[in-house]
Student: 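Here's a structure for you.
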Amino acid sequence: MHTTGYLNKLIAPSEDCAAVAKLTAKVGSVAALQYEMLSDAYAMTGDELLLAVTGVRRDVPRDEWDALHIELFSKGQPCLRASPLVKTHGWAVHYDAQGRIAMVDPSSQRFAELSTDAGITQLRGMRSKRA
């Protein structure tokens, strides 16, 4: 079984992202769903977020998410480095020591603290375009 999870990692916005912690995505888009689901910081893991967004977008009943989980994670899935929140909307994502995630505004004091913490691995979101 594959996973999209990290521990003690900070994913900063993509290098080619022009936005700074804004969301102008249309209702029901992946970005809007992720934003809504991550508004409760550290409530879910990356795998749980991917499962929930996929379940909602495919209109899969909640009681069938166990089967959806098996389907999704039987092969590799992109992690949150490929999330539209990170690539185009300018948010950072922090994975804590238990693998739970939270959105972080890169202009915030929290981001500054996390980005200088030696115990947290620093990553960048994937670029939207080739360099």
Side-chain angles (χ1 to χ4, degrees):
M1 202 51 74
H2 295 271
T3 184
T4 63
Y6 290 122
L7 301 175
N8 294 318
K9 299 238 191 268
L10 178 66
I11 301 173
S14 301
E15 291 177 44
D16 62 345
C17 179
V20 178
K22 295 192 179 193
L23 186 69
T24 56
K26 65 180 183 176
V27 175
S29 69
V30 170
L33 290 170
Q34 287 180 343
Y35 181 86
E36 180 182 318
M37 292 176 187
L38 289 177
S39 63
D40 188 12
Y42 302 108
M44 59 180 32
T45 66
D47 289 353
E48 291 167 343
L49 177 66
L50 177 63
L51 178 65
V53 169
T54 303
V56 169
R57 288 186 51 95
R58 290 187 186 176
D59 201 24
V60 176
R62 184 74 169 97
D63 62 341
E64 296 177 18
W65 283 15
D66 286 341
L68 179 60
H69 183 273
I70 292 168
E71 174 194 333
L72 281 177
F73 295 103
S74 64
K75 60 183 186 231
Q77 297 295 322
C79 69
L80 288 178
R81 289 185 61 222
S83 165
L85 290 177
V86 173
K87 287 177 67 172
T88 56
H89 297 286
W91 289 94
V93 177
H94 175 241
Y95 288 80
D96 69 7
Q98 289 78 41
R100 297 171 306 190
I101 53 178
M103 287 184 308
V104 181
D105 181 339
S107 63
S108 70
Q109 179 63 35
R110 176 77 176 139
F111 181 83
E113 292 166 2
L114 292 169
S115 63
T116 58
D117 186 332
I120 296 176
T121 304
Q122 311 292 316
L123 300 171
R124 296 288 280 188
M126 293 181 168
R127 296 176 58 87
S128 294
K129 298 179 177 137
R130 289 185 180 183

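Here the structure is a predicted model, which means the values were calculated and not measured. These numbers come from the heavy atoms of this one structure, side chains and all, not from hydrogens, waters or symmetry mates. All residue numbers refer to positions in the sequence shown, counting from 1.
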Student: Rounded to the nearest 0.5 Å, how far apart are CG of Leu33 and CZ of Arg57?
Tutor: 6.5 Å
Student: Which atom pair, heavy atoms only, marks the closest approach of Pro106 to Ala92?
Tutor: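 Answer, listing the atom of Pro106 first, then Ala92: CD-N, 4.2 Å.
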Student: Indicate yes or no for a side-chain donor-acceptor contact from Thr54 to the backbone of Leu51 under 3.5 Å, with no hydrogens or angles considered.
Tutor: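 Answer holds: no.
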Student: Rounded to the nearest 0.5 Å, how far does SG of Cys79 lie from CE of Met126?
Tutor: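 One gets 5.5 Å once the value is rounded to the nearest 0.5 Å.
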Student: Could you check whether any side-chain heavy atom of Trp65 comes within less than 4.5 Å of a side-chain heavy atom of Val60, counting everything from C-beta outward?
Tutor: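 They are in contact (side-chain heavy atoms under 4.5 Å apart), so the answer is yes.
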Student: Can you hop from Trp91 to Met44 via hydrophobic side chains spaced under 4.5 Å?
Tutor: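 Both belong to a single hydrophobic cluster.
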Student: Are the side chains of Ile11 and Tyr95 in contact, using a 4.5 Å heavy-atom criterion?
Tutor: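 Side chain of Tyr95 against side chain of Ile11, heavy atoms only: contact under 4.5 Å found.
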Student: Val56 versus Met37: any side-chain heavy-atom pair under 4.5 Å?
Tutor: yes
Student: Quick one: OH on Tyr6 to CZ on Arg81, what's the gap to the nearest 0.5 Å?
Tutor: 5.5 Å
Student: Give me the other members of the hydrophobic cluster that Leu7 sits in, counting Ile, Leu, Val, Met, Phe, Trp and Tyr linked by side-chain heavy atoms under 4.5 Å, directly or via other members.
Tutor: none
Student: Verify side chain to side chain contact (heavy atoms under 4.5 Å, CB included) between Thr3 and Phe73, making sure each step is shown before the conclusion.
Tutor: CA-CA 7 Å; Thr3 184; Phe73 295 103; 5.6 Å; no
Student: Within the structure provided, determine whether Leu49 and Ile101 are in side-chain contact (heavy-atom separation under 4.5 Å).
Tutor: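 A side-chain contact exists here, since the closest heavy-atom pair is under 4.5 Å.
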Student: What heavy-atom pair brings Ala112 and Ser115 nearest, and what distance separates the two atoms?
Tutor: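 In terms of heavy atoms, the two residues are closest at O-OG, 3.1 Å.
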Student: To the closest 0.5 Å, what do you measure between CD (Glu71) and CG (Leu68)?
Tutor: 5.5 Å
Student: Just so I know, are the side chains of Val93 and Val86 near enough to count as touching, which here means a heavy-atom distance under 4.5 Å?
Tutor: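 Contact flag for Val93/Val86 side chains = yes.
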Student: Quick one: does Gln77's side chain have a donor or acceptor within less than 3.5 Å of a partner on Thr4's backbone?
Tutor: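 Side chain of Gln77 to backbone of Thr4: no pair is present.
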Student: Checking the side chain of Asp96 only, and the main-chain atoms of Gly99 only, is there a donor and an acceptor separated by less than 3.5 Å?
Tutor: yes
Student: Would you say Gln122 and Ile120 make side-chain contact, with heavy atoms under 4.5 Å?
Tutor: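 Yes, side chains in contact.
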Student: Using the rule given for side-chain hydrogen bond (donor to acceptor under 3.5 Å, both in side chains), can you reason through Tyr35 versus His89, listing the C-alpha separation, both sets of side-chain angles and the distance that settles it, and then say yes or no?
Tutor: CA-CA 10 Å; Tyr35 181 86; His89 297 286; over 6 Å; no
Student: Start with the C-alpha distance between Asp47 and Thr45, add both sets of side-chain angles, then the distance that settles side-chain hydrogen bond (donor to acceptor under 3.5 Å, both in side chains), and finish with yes or no.
Tutor: CA-CA 5 Å; Asp47 289 353; Thr45 66; 5.3 Å; no
Student: Please determine whether residues Leu80 and Leu10 belong to a single hydrophobic cluster, defined as Ile, Leu, Val, Met, Phe, Trp and Tyr linked transitively by side-chain heavy-atom distances below 4.5 Å.
Tutor: no
Student: Examine distances only and state if a side-chain atom of Asp16 and a backbone atom of Arg127 form a donor-acceptor pair shorter than 3.5 Å.
Tutor: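 No; judged by distance alone, with no hydrogens or angles, the pair does not exist.
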Student: For the residue pair Gln34 and Pro84, establish whether any side-chain heavy-atom pair is separated by less than 4.5 Å.
Tutor: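 Of all side-chain heavy-atom pairs linking Pro84 with Gln34, at least one is under 4.5 Å.
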Student: Roughly how far apart are His94 NE2 and Arg100 CZ, rounded to 0.5 Å?
Tutor: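 With rounding to 0.5 Å, NE2 (His94) is 10.0 Å from CZ (Arg100).
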Student: Hey, does Leu38 have a side-chain heavy atom less than 4.5 Å from the side chain of Leu85?
Tutor: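 When only atoms from C-beta onward are counted, Leu38 and Leu85 do touch, with a gap below 4.5 Å.
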Student: What pairs with Phe111 under ring-ring contact (aromatic ring centres under 6.0 Å, His included), at least two apart in sequence or on another chain?
Tutor: none
Student: With distance as the sole test, does Ser14 use its side chain to make a donor-acceptor pair with the main-chain N or O of Cys17 at under 3.5 Å?
Tutor: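 Side chain of Ser14 to backbone of Cys17: no pair is present.
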